[in-house]
Participant: 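I am attaching a structure below and will ask some questions about it afterwards.
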Amino acid sequence: MKKKISYNYNKIEAKWQQRWLKDKIYSPDFLVSNNKFYNLYMFPYPSAEGLHAGHAFSSTGSDVFGRFMRMKGKKVFQPMGYDSFGIHPENYAIKTGEQPQTMLSRTIPHFTEQFKSLGHGYDWSKSLTTSDLNYYKWTQWLFVEMFKAGLAYRKKMEVNFCPSCKTVLADEQVMTPAQAGKDPKKIDGSPVENPEETKVCERCGTVVEKRDLEQWLFRITDYADRLLKGLSKINWPEKIKTAQKNWIGKKEGINITYSIKKANKTITVWTSRPDTNFGATFIVVAPEYVQKNLVRLISSDRSKKVEEYIKSSLNRSKDDRMSEGREKTGVFTGLFAINQLNGNKMPIWVSDFVLMDVGTGAVVGVPGHDKRDFAFAKKFDLPVVRVVMGSDHDKSDITRISQVQEEEGIMVNSEFLNGLDIHEATIKMMDYLERNGWGKRVTSYHLRDWLISRQRYWGPPIPMIYCESCAKSKRSYFTEMTSLPAEATVEVDRSNDWDHFGWYPEENLPVELPEIEDYKPEGKGRGPLANHPEFYKVVCPKCKEAARRETDVSDTFLDSSWYFLRYPSVGVSRLPWDVEITRKWLPTDLYFGGAEHAVLHLMYARFVTMVLHDLKYLEFEEPFPKLYAHGLLIKDGSKMSKSRGNVINPDLYIEKFGADALRLYLMFLGPMDATSDFRDTGIEGMKRFVDRLMNTFTLKTTNRDSSEVISKLHKTVKKVTEDLAEFRYNTSIAATMELVNIIREKGSISKLAKEILVKLIAPFAPHLAEEVWVNVLGNSYSIHTSRWPKYDKNAIKEKTIEIVVQVNGKFRGTVVVNANDVKNKDFVIESAKNDKSVAKWLEEKEAKKIVFVPGKIINFVIF
RNA sequence: GCAGGUGUGGCGGAACUGGCAGACGCGUACGGUUCAGAACCGUAUGGACUCUUUGUCCUUGGAGGUUCAAAUCCUCCCAUCUGCACCA
């Protein structure tokens with residue numbers, strides 16, 4: 001009967017956690033930068049009482065890599081902090097009926113305790129919390145820098161509003177009822193017509209409304225091209241890069257200008273398919289376009305009808321106007337534009353399916369080549385013309401044409417574009433239009449400017465002051481500004497400068513967020529701070545008249561757009577980051593996080609870094625050269641959420657099975673980047689492995705291992721080393737299990753083998769590994785700063801090799817040959833032929849062909 | 001509709017540049033240990049046929065194809081997940 005070691009994991013784990021913290025083994029020296037490894041993990045928002053198993057899953061994935069790197073000799077910096085400002089923690093505080101500050105002073109320490117109990121190697125001396133004054137004063141500084149650089153501006157725009165929660169909602173909080181898991185309801189109690197198409201508030205399921213409000217925005221669109229180009233320089237998953245590419249949505253097109261008949265005016269449309277322009281039969285403009293450009297040209301007999309239409313469209317929300325499958329509406333303006341290509345007269349219509357902020361707000365109608373234009377033409381009985389290029393080597397367009405053909409239409413054959421495919425025809429047409437001065441190539445983007453202001457309480461107050469008297473006398477901050485570096489590589493568009501008359505940045509940061517009782521949003525289009533004159537009543541820094549401080553706070557994504565810059569400099573008080581430390585430790589070496597941040601956070605952080613680079617604050621412009629996107633941990637087939645009641649608290653499992661068993665289980669579930677389901681039975685199995693593993697170290701120690709164990713040991717070192725580098729944690733653990741199984745079969749193991757085995761498991765089970773390393777094997781503390789094992793190539797080499805024998809491609813047996821004979825084709829063929837089970841299939845026939853892959857396979861083709 | 005991903009036993013998943021499909025684990029069954037249970041140890045475990053063994057055939061969402069050889073490469077479908085979407 002084997003003697004079993006009694007392993008009190010709770011006690012042992014706590015012991016080592018305290019020792020690691022005391023000895024600061026996870027705190028690197030920031031003045032030394034050679035061999036540094038900045039291992040960043042996406043910090044959580046503490047909008048719950050504590051961590052759920054998903055956090056445990058992803059943070060362990062990050063920690064395993066950090067531990068591996070440390071044992072590979074890197075100086076690893078692995079910080080942890082909290083994204084504690086913003087709507088999520090605020091909503092949670094509202095729910096618990098507390099002040100956000102009170103709630104966080106309870107939850108953040110709990111989060112920290114939980115992270116510590118998982119045994120992660122964080123440098124807790126460099127932790128940060130975005131709602132700390134010491135942090136957010138620099139978030140405000142960042143806003144001021146943006147404003148000074150001309151990258152922050154104000155604009156009246158349509159925003160989402162929940163009439164029940166009385167608050168403005170971010171886009172990401174507006175979803176279909178199915179996504180929100182709610183029954184849709186309207187505020188006045190009337191029935192909801194199309195439940196699948198309506199957009200509701202994530203929290204209460206009320207149908208959202210649209211409101212026009214003044215907002216602060218950042219000119220991220222100025223950086224669209226650089227954000228796109230930068231993607232080719234960074235090592236990110238293709239999936240995430242594609243998401244960013246699509247979000248930026250760069251499209252090459254052309255602005256074509258047509259003259260308006262009987263008017264000394266032109267109309268400009270944007271299109272990506274000018275090659276179809278021979279088929280243009282009408283023009284459609286957005287309602288806003290008419291207001292801005294065409295109102296005076298419209299004859300009095302038509303103007304009433306047009307005005308009515310515009311008014312009713314503008315009452316509709318953008319979502320409503322764009323709702324899928326909605327029947328086209330529109331009104332003829334009485335105006336005509338002339339198509340220079342063929343002299344055709346094109347009636348100008350107004351319709352709400354055309355958006356002012358896409359392209360020029362005017363679209364050329366080519367119903368023979370565009371589904372939407374076709375629907376419009378059918379509805380209002382406009383002619384349909386198809387352009388045939390006399391070529392059939394572009395299938396997709398031919399299909400589109402023939403679909404329309406079934407209905408009706410005139411066909412024109414374009415000799416001009418004869419024989420060209422879409423791409424060639426587009427280029428030829430663009431060249432032609434530009435040569436004649438009718439068009440100008442323009443690149444368009446899907447990316448919109450970043451809406452930075454929130455009419456909420458829990459965020460950094462936007463550090464701006466508005467002075468009415470300065471605004472009246474048109475005093476702009478920019479007219480007297482000199483601090484923008486002359487070398488900034490981005491050309492700043494100042495066309496919106498008039499917006500800034502009377503606005504000044506705060507000179508004395510921070511603008512402290514006052515603690516107020518009435519912090520809940522009222523939904524009047526203003527933040528709760530707007531009810532606090534003691535906050536907003538200030539003196540104008542310019543003219544010393546009474547002025548008003550901005551009462552909006554900034555978006556939580558601004559807090560998280562620069563936190564990685566702060567970590568190494570936590571404790572530095574006069575600067576957001578120390579120049580020397582930053583030069584040594586940034587950019588990050590690995591960013592480990594969830595794919596749900598593919599566009600928002602990751603795009604914003606890249607943008608902010610590029611701006612700071614242009615402002616000469618940083619030497620690099622990509623903050624995350626390597627990104628790993630982990631998968632999702634689900635429970636019973638669906639995402640863990642409080643409303644579903646399937647949230648797993650890791651504490652219970654740590655208590656019952658130990659942190660090491662939980663870590664191993666989470667990493668063994670499946671590939672790190674896949675969606676995995678948490679199951680209780682699985683972790684019980686892992687606890688059995690942990691116990692078996694412990695017992696392996698107390699097996700009889702021999703002087704020499706059997707050749708089988710030696711070979712397997714070195715193979716496992718090779719496999720685990722390679723797999724860890726590629727985040728293949730599940731197969732690393734499986735390989736280690738195989739090794740343990742073989743050792744246990746043998747019943748004894750050398751001390752050296754024990755040391756190698758415990759090192760292999762150390763990144764996954766750091767406490768067990770330390771305990772074994774120090775107290776069972778008697779080595780000096782700590783295993784986590786010891787060197788990763790190397791394997792011996794010679795030990796892996798097999799003396800004999802098994803070669804698969806196939807006949808006609810089917811497995812018919814194996815032959816074992818000496819390693820020296822592996823490349824000897826004739827010898828292997830003879831051995832195979834002599835094998836009984838193979839010979840049966842060869843039937844003494846002569847092989848037509850023999851495929852020989854040395855060391856792997858021999859295939860007789862006899863057919 | 002567009003873009004990207006995924007599909008392998010009862011389950012989670014292995015399979016490096018095409019070379020013995022199902023590693024490792026869970027679950028299940030039987031046996032051992034036990035007063036009994038838990039835990040532990042051992043054996044078996046894709047399906048069908050044969051059945052004393054040896055063994056044969058089928059099998060990686062479906063249908064074709066390339067190849068001596070396909071889970072892997074190509075074409076077309078199907079299912080499913082995630083973004084974006086009347087974006088001109």
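So you know, we letter chains A, B, ... as the sequences are listed, proteins then strands, and number each from 1.
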Participant: Please determine, for the side chain of A/His446, which listed nucleotide (B/A85, B/G25, B/C20) has the closest atom?
Facilitator: B/A85
Participant: Rounded to whole angstrom units, what separation is found between the CG atom of A/Leu669 and the P atom of B/G12?
Facilitator: 11 Å
Participant: Would you confirm whether A/Asn255, through its side chain, and A/Lys440, through its main-chain N or O, come within 3.5 Å as a donor-acceptor pair?
Facilitator: no
Participant: Distance check: side-chain N/O of A/Asn730 vs OP1/OP2 of B/A14, anything under 4.0 Å?
Facilitator: yes
Participant: Can you tell me, in whole Å, how much space there is between the P of B/G4 and that of B/C77?
Facilitator: 16 Å
Participant: Under 4.0 Å, heavy atoms only, any strand: does A/Asn859 hit a base, just the sugar-phosphate, or nothing?
Facilitator: base
Participant: Checking base pairs now: Watson-Crick or wobble, both atom distances under 3.5 Å. What partners B/C16?
Facilitator: none
Participant: Give me the distance, rounded to whole Å, that separates B/U8 from B/U72 when you measure between the P atoms they each carry.
Facilitator: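 Between the two P atoms, the distance is 13 Å.
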Participant: Within the side chain of A/Ser444, is there an N or O that forms a donor-acceptor pair under 3.5 Å with the backbone of A/Gly359?
Facilitator: no
Participant: Given atom CG of A/Asp373 and atom C1' of B/A88, what is their separation to the nearest angstrom?
Facilitator: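 The answer, rounded to whole Å, is 7 Å.
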Participant: Quote, to the nearest angstrom, the C1' distance that separates B/G64 from B/A70.
Facilitator: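 Roughly 14 Å separates the two C1' atoms.
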Participant: Is the backbone of A/Asp673 close enough, under 3.5 Å, to the side chain of A/His630 for a donor and an acceptor to pair up by distance?
Facilitator: no
Participant: Look at A/Arg688 and B/C26 and indicate whether a side-chain polar atom (N or O) is within less than 4.0 Å of OP1 or OP2.
Facilitator: yes
Participant: When rounded to the nearest Å, what value does the distance between P atoms of B/G7 and B/U17 take?
Facilitator: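 Rounded to whole Å, the distance is 15 Å.
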Participant: With rounding to whole Å, what would you report as the distance between B/A15 and B/G9 at their C1' atoms?
Facilitator: 15 Å
Participant: Please give, in whole Å, the distance from B/G83 C1' to A/Leu632 CG?
Facilitator: 14 Å
Participant: A/Glu802 side chain: which of B/C24, B/C26, B/C20 is closest?
Facilitator: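 Selected nucleotide (nearest to the side chain): B/C20.
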Participant: Between B/C87 and A/Arg372, is there an OP1 or OP2 to side-chain N/O distance shorter than 4.0 Å?
Facilitator: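 The answer is yes; a side-chain N or O of A/Arg372 sits under 4.0 Å from OP1 or OP2.
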Participant: Using atom NZ of A/Lys715 as one end and atom C1' of B/C24 as the other, report the distance to the nearest whole Å.
Facilitator: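 Distance check: A/Lys715 NZ to B/C24 C1' gives 16 Å.
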Participant: How many angstroms lie between atom CD1 of A/Ile254 and atom OG of A/Ser272, to the nearest 0.5 angstrom?
Facilitator: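 A/Ile254 atom CD1 to A/Ser272 atom OG measures 11.0 Å (nearest 0.5 Å).
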Participant: Among B/G19, B/G4, B/C20, which is the nearest nucleotide to the side chain of A/Val853?
Facilitator: B/G19
Participant: It should be established whether A/Arg728 places a side-chain nitrogen or oxygen under 4.0 Å from OP1 or OP2 of nucleotide B/C16.
Facilitator: no
Participant: Using heavy-atom distances to pick each residue's nearest nucleotide on RNA chain B, tell me which of A/Lys251 and A/Glu684 is more 5'.
Facilitator: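 Of the two residues, A/Glu684 wins.
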Participant: Quickly work out the A/Trp236 CH2 to B/G5 P distance and round it to whole Å.
Facilitator: 18 Å
Participant: B/U43 and B/A36: how far apart are their C1' atoms, nearest whole angstrom?
Facilitator: 24 Å
Participant: Give none if B/G9 has no partner; otherwise give the nucleotide forming a Watson-Crick or G-U wobble pair with it, both distances under 3.5 Å.
Facilitator: none
Participant: Assign each of A/Gly682 and A/Arg692 to its nearest nucleotide of RNA chain B by heavy atoms, then name whichever residue's nucleotide is nearer the 5' end.
Facilitator: A/Gly682
Participant: For B/C73, give the paired nucleotide (Watson-Crick: N1-N3 plus N6-O4 or O6-N4; G-U: N1-O2 and O6-N3; both under 3.5 Å), or none.
Facilitator: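 By the stated definition (distances under 3.5 Å), B/G65 pairs with B/C73.
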Participant: When you measure from the side chain of A/Tyr729 to the backbone N and O of A/Gly61, does any donor-acceptor pair fall under 3.5 Å?
Facilitator: yes
Participant: Should B/G42 form a Watson-Crick or G-U wobble pair with both distances under 3.5 Å, which nucleotide is its partner?
Facilitator: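 Partner of B/G42: B/C30.
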Participant: Do A/Gln806 and B/G19 have a side chain to base donor-acceptor pair shorter than 3.5 Å?
Facilitator: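 Side chain to base: pair found, below 3.5 Å.
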Participant: In whole angstrom, what separates A/Ile858's CD1 from B/C20's P?
Facilitator: 15 Å
Participant: Using the C1' atoms only, state how far B/U75 lies from B/G22, rounded to an integer number of Å.
Facilitator: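 Between the two C1' atoms, the distance is 28 Å.
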Participant: If B/A85 has a Watson-Crick or G-U wobble mate with both distances under 3.5 Å, name it; if not, just say none.
Facilitator: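 Partner of B/A85: none.
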Participant: Between A/Tyr665 and A/Phe678, is a ring pair (Phe, Tyr, Trp, His ring centres under 6.0 Å) present by the stated rule, with each step listed?
Facilitator: CA-CA 9 Å; A/Tyr665 168 65; A/Phe678 188 96; 5.4 Å; yes
Participant: Between A/Lys849 and B/C68, is there a contact of a side-chain N or O with OP1 or OP2 at under 4.0 Å?
Facilitator: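 So the side-chain polar atoms of A/Lys849 do come within 4.0 Å of the phosphate oxygens OP1 or OP2 of B/C68, strictly under.
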Participant: Whole angstroms only, please: what is the CG-P distance between A/Asp677 and B/U6?
Facilitator: 19 Å
Participant: OP1, OP2 of B/C58 versus side-chain N and O of A/Lys810: anything below 4.0 Å?
Facilitator: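 For B/C58, OP1/OP2 do have a side-chain N/O of A/Lys810 under 4.0 Å.
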Participant: By the 4.0 Å heavy-atom rule, please label A/Thr675 as base, sugar-phosphate, or nothing.
Facilitator: sugar-phosphate
Participant: Cation-pi between A/Arg606 and A/Trp236: NZ/CZ under 6.0 Å from ring centre and within 45° of the ring axis?
Facilitator: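 The answer is yes, since A/Arg606 meets both limits relative to A/Trp236.
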Participant: Name the pairing partner of B/U53, where a pair is Watson-Crick or G-U wobble with both distances under 3.5 Å, or state none.
Facilitator: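 No nucleotide pairs with B/U53.
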Participant: Indicate, yes or no, whether a donor-acceptor pair under 3.5 Å links the base of B/C86 to the side chain of A/Lys328.
Facilitator: yes
Participant: How far does the C1' atom of B/A14 sit from the matching atom of B/A23, given to the nearest Å?
Facilitator: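 Pairwise C1' distance, B/A14 against B/A23, rounds to 5 Å.
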Participant: Should B/G9 be called syn or anti, with syn set as within 90° of 0?
Facilitator: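 Syn conformation here, the glycosidic angle of B/G9 being no more than 90° from 0.
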Participant: Look at A/Glu722 together with A/Lys718 and state whether they make a salt bridge at an N to O cut-off of under 4.0 Å.
Facilitator: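 Here A/Glu722 pairs with A/Lys718 in a salt bridge, since their nearest N and O are under 4.0 Å apart.
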Participant: Describe the nucleic acid contact of A/Val354 in one word from base, sugar-phosphate, nothing, applying a heavy-atom distance below 4.0 Å.
Facilitator: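 A/Val354: base contact, heavy atoms under 4.0 Å.
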Participant: Taking only side-chain nitrogens and oxygens of A/Asn741, does any of them come within less than 4.0 Å of OP1 or OP2 of B/G25?
Facilitator: yes
